Amino acid sequence: NEKLGARPRSFFMSKPTLKQVVKDGALVWELSYGGMTRYFKYDWQANFHYEAAVRVYRSRLNGKHS
């Protein structure tokens, strides 16, 4: 594609997801994005990281990443 003058394809990142799950007997937040899954005990931590992942996802969709 680059030889034909097309924009190079960027790394594809799946849309971030955030949900509550039971892990090791405790209710926690599960955040999945870019092939990675993270777990958080507190909702404020999960929301903070989710919003950051959404910003990265949107910037990649719009082609505004570096």
Side-chain angles (χ1 to χ4, degrees):
N1 280 343
E2 294 172 18
K3 292 179 182 178
L4 301 175
R7 275 183 32 192
R9 293 186 63 155
S10 63
F11 167 77
F12 177 75
M13 179 176 163
S14 60
K15 186 175 181 181
T17 60
L18 180 63
K19 61 184 175 182
Q20 277 192 302
V21 298
V22 176
K23 182 176 183 207
D24 300 327
L27 190 61
V28 296
W29 292 94
E30 178 186 87
L31 172 61
S32 298
Y33 63 98
M36 187 169 49
T37 302
R38 296 183 67 187
Y39 297 93
F40 299 94
K41 181 177 179 180
Y42 301 106
D43 61 346
W44 66 267
Q45 290 174 322
N47 282 315
F48 176 83
H49 289 278
Y50 174 75
E51 291 298 326
V54 167
R55 282 193 298 276
V56 170
Y57 174 76
R58 287 183 182 152
S59 71
R60 291 186 180 273
L61 282 181
N62 295 329
K64 295 180 181 175
H65 64 282
S66 0

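All figures in this text were calculated on a predicted structure; none of them were measured in a lab. Start at 1 with the first residue, then count along the sequence. FYI, side chains are in, hydrogens and waters are out, and symmetry mates aren't considered; it's all heavy atoms of this structure.
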Exercise. Hey, mind stepping through W29 and K19 against side chain to side chain contact (heavy atoms under 4.5 Å, CB included) and telling me if it holds?
Worked result: CA-CA 6 Å; W29 292 94; K19 61 184 175 182; 5.9 Å; no
Problem set entry | Distance, nearest 0.5 Å, that separates OH of Y50 from CG of D43 | 14.5 Å
For this session: Might you work through the side chain to side chain contact (heavy atoms under 4.5 Å, CB included) test for V21 and Y39, ending with a clear yes or no?
Result: CA-CA 9 Å; V21 298; Y39 297 93; 4.0 Å; yes
For this session: Report the distance from atom NZ of K41 to atom CD of Q45, rounding to the nearest 0.5 Å.
Result: 9.5 Å
Exercise. Does the side chain of H49 reach to within under 4.5 Å of the side chain of R38, using non-hydrogen atoms?
Worked result: yes
For this session: Quick one: closest heavy-atom pair of S32 and T37, and the distance?
Result: OG-OG1, 3.2 Å
Problem set entry | ILVMFWY network linking W44 to L18, side-chain heavy atoms under 4.5 angstrom | no
Problem set entry | Hydrophobic cluster membership, Y42 vs L31, 4.5 Å side-chain cutoff | no
